[in-house]
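Report on the following structure.
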Amino acid sequence: MAIPLFRGFRRLPLLSLHRPLSSSSTSYRPILGNPESFLHLSRFVPQNSLIRQNPCWDFRNFSHGSVNFVITKDGKPKFETHEVEAPKKEKWKTKKRLKLQRKREKKKRNAANKRDPRRLGLKGKKKKQKFDTAEERIKQKIENAKVKEALLIERLKRYEVSKVQGPEVKPHFLTGEERFYIKKMGQKRSNYVPIGRRGVFGGVILNMHLHWKKHETVKVICKPGQVQEYADEIARLSGGIPIQIIADDTIVFYRGRDYVQPEIMSPIDTLSKKKALEKSKYEQSLESVRRFIAIAEKELELYYRHVALYGDPSNRSAYSILDDSRSTRGKRNAEIGEENYSASESNLSDLELEIDDSCSDDNQSLS
């Protein structure tokens with residue numbers, strides 16, 4: 001596309017020179033570019049005919065680049081090309097290429113999830129083991145879970161940060177009216193800082209200081225059940241004063257009378273956002289492992305109780321179960337038979353007594 005366009009522009013000055021020039025003619029085709037600097041033809045061609053009427057030819061776009069027609073300082077025309085790499089066509093994926101692509105994606109995922117707590121555990125491929133009894137199976141599960149628990153505790157030690165003394169807080173004596181006013185002000189205002197799964201880290205304290213620029217109070221929303229721990233930790237790091245606890249999940253913090261914004265708003269002895277997220281994953285995994293160990297131990301206890309009542313189920317066969325059921329049924333039938341027999345004997349003895357009594361009465365009447 002650029003070659004024929006370039007040839008057309010090269011012929012323009014030749015055509016304009018070969019044509020007869022006259023001052024009265026105004027039907028010439030306009031010359032592109034700057035008319036005064038284009039081969040100095042302004043003294044031969046009238047000014048009205050040199051006004052650009054089609055400026056779109058100065059810049060031409062192509063599918064994979066662009067061509068600009070410019071005039072240099074010397075008055076010579078020039079084309080500038082700006083090439084762009086053509087998009088690569090996707091090849092048809094054969095089974096082999098698709099398999100290799102999936103393998104590469106799997107490697108990327110594995111590299112990205114190296115710190116996933118689910119990967120912790122015994123190294124090596126898991127083999128399907130067959131256990132003779134349920135007791136062995138439950139004990140093996142508990143042992144593997146305890147190994148993972150020890151690994152998680154060891155990994156959590158990496159995220160421990162030494163506690164540094166936070167900003168000094170001067171004791172504020174607040175009257176009843178001031179405390180009432182601060183509580184109402186904190187409840188009505190909608191500014192708050194949430195504490196998510198990361199817990200208390202540098203970003204939480206930074207947000208509190210940013211809220212304290214324009215507000216005297218800020219609400220901190222946390223998990224229910226851990227309010228007092230969060231209140232003590234945030235008061236130590238930020239220097240704020242906890243005024244009120246609302247509904248077991250919201251703490252209202254007061255910045256103090258002589259509050260001055262610190263130069264470093266994120267404390268040094270807190271984790272970054274990324275490390276706080278990693279720590280929360282390990283803590284969550286540790287909690288689930290401990291819950292699993294408790295359930296498995298309870299299951300083992302129930303198994304022992306069952307063995308004490310009914311015997312070891314591994315030593316019993318199907319025929320023994322049937323024999324036991326038959327024997328128990330026979331015993332029950334025998335007991336029922338004995339009861340019926342004793343009842344029938346008692347009925348017979350009553351009948352004999354009645355017959356003897358009746359016979360004695362008849363004899364008396366005859367005599």
Side-chain angles (χ1 to χ4, degrees), residues 115 117 120 148-174 179-180 182-187 189-212 215-257 259 261-262 264-295:
R115 296 181 180 179
L120 287 175
K148 187 170 183 179
E149 183 186 11
L151 290 171
L152 286 167
I153 291 167
E154 187 180 354
R155 189 62 64 87
L156 277 169
K157 289 179 182 177
R158 300 180 185 180
Y159 299 95
E160 290 180 358
V161 183
S162 58
K163 292 184 179 180
V164 183
Q165 183 61 35
E168 295 181 2
V169 183
K170 295 179 181 179
H172 288 75
F173 178 73
L174 298 173
R179 187 174 287 274
F180 178 78
I182 291 168
K183 283 182 183 179
K184 288 293 180 183
M185 186 170 56
Q187 290 173 7
R189 286 181 178 171
S190 60
N191 57 318
Y192 70 96
V193 175
I195 295 178
R197 61 180 299 183
R198 293 179 176 86
V200 180
F201 68 102
V204 174
I205 311 301
L206 171 65
N207 286 340
M208 288 180 69
H209 284 296
L210 292 175
H211 278 287
W212 281 338
H215 306 283
E216 292 182 358
T217 59
V218 64
K219 285 186 282 189
V220 178
I221 299 170
C222 59
K223 297 176 185 177
Q226 302 177 2
V227 183
Q228 196 60 42
E229 298 174 7
Y230 283 130
D232 297 338
E233 185 70 13
I234 293 169
R236 183 184 68 82
L237 293 169
S238 65
I241 304 163
I243 295 293
Q244 188 185 11
I245 294 173
I246 305 169
D248 198 30
D249 63 346
T250 307
I251 314 164
V252 179
F253 277 92
Y254 174 54
R255 69 181 182 182
R257 290 174 185 169
Y259 170 74
Q261 193 177 45
I264 300 171
M265 289 186 280
S266 293
I268 301 167
D269 58 336
T270 54
L271 296 170
S272 63
K273 189 176 182 180
K274 184 179 177 182
K275 288 187 176 180
L277 180 62
E278 291 173 5
K279 184 183 177 182
S280 69
K281 285 181 180 178
Y282 286 119
E283 286 176 347
Q284 186 179 5
S285 182
L286 181 62
E287 186 181 351
S288 63
V289 167
R290 284 175 175 168
R291 195 185 303 118
F292 175 80
I293 290 170
I295 292 167

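Both backbone and side-chain heavy atoms feed into the values below; hydrogens, waters and symmetry mates do not.
Here CG of L156 is found 11.0 Å from CD of E278. Values are rounded to the nearest 0.5 Å. Here E283 contributes atom CD and I153 contributes atom CD1; the two are 11.5 Å apart, rounded to the nearest 0.5 Å. If you take OG on S266 and CG on L271, they are separated by 12.0 Å, rounding to the nearest 0.5 Å. To the nearest 0.5 Å, the span separating NE2 on H211 from CG on N191 amounts to 5.5 Å. Once rounded to the nearest 0.5 Å, the distance linking CD1 of I264 with CD1 of I205 reads 14.5 Å. Atom-to-atom distance recorded for N207:CG and H209:NE2 is 10.5 Å, nearest 0.5 angstrom.
Distance alone, capped at 3.5 Å, is enough to place a donor-acceptor pair between the K219 side chain and the R189 backbone. For R198 (side chain) and K273 (main-chain N/O), a donor-acceptor pair under 3.5 Å exists by modelled atom type. The backbone N or O of Y282 lies less than 3.5 Å from no partner atom in the side chain of S285, so there is not a single donor-acceptor pair.
No more than 12 heavy atoms of other residues, nucleotides or ligands lie within 6.0 Å of OH in Y192, so this atom counts as exposed by the packing criterion. Within 6.0 Å of NZ in K275 there are 12 or fewer heavy atoms belonging to other residues, nucleotides or ligands. More than 12 heavy atoms of other shown residues, nucleotides or ligands fall within 6.0 angstrom of atom CD in Q261. No more than 12 heavy atoms of other residues, nucleotides or ligands shown are found within 6.0 angstrom of CZ on F180.
Counting all heavy atoms, side chain and backbone alike, F201 lies closest to A276 at CB-CB, 4.0 Å.
In this structure, M208 and M265 have side chains that are not in contact, with every pair of non-hydrogen atoms separated by 4.5 Å or more. Contact annotation: the side chain of T270 never approaches that of V200 to less than 4.5 Å [non-hydrogen atoms, C-beta and beyond].
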For residues 223-230, which side-chain donor-acceptor pairs fall under 3.5 Å, sequence neighbours excluded?
from, atom 1, to, atom 2, distance (Å)
Q226, OE1, Y230, OH, 3.2

Hey, can you pull the donor-acceptor pairs under 3.5 Å for the side chains in residues 239-257, sequence neighbours left out?
from, atom 1, to, atom 2, distance (Å)
Q244, OE1, Q187, NE2, 3.0
R255, NH1, W212, O, 2.5
R257, NH2, F173, O, 3.2
R257, NH2, E178, OE1, 2.9
R257, NH2, E178, OE2, 3.4

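Residues that satisfy the side chain to side chain donor-acceptor pair (under 3.5 Å) test with R290, not counting sequence neighbours, are E149.
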R236 vs E233, test: salt bridge (charged side-chain N to carboxylate O under 4.0 Å, His left out). Steps then yes/no.
CA-CA 5 Å; R236 183 184 68 82; E233 185 70 13; 2.9 Å; yes

Under the side-chain contact (heavy atoms from CB on, under 4.5 Å) criterion, do D269 and L237 qualify, and how do the steps go?
CA-CA 9 Å; D269 58 336; L237 293 169; 3.5 Å; yes

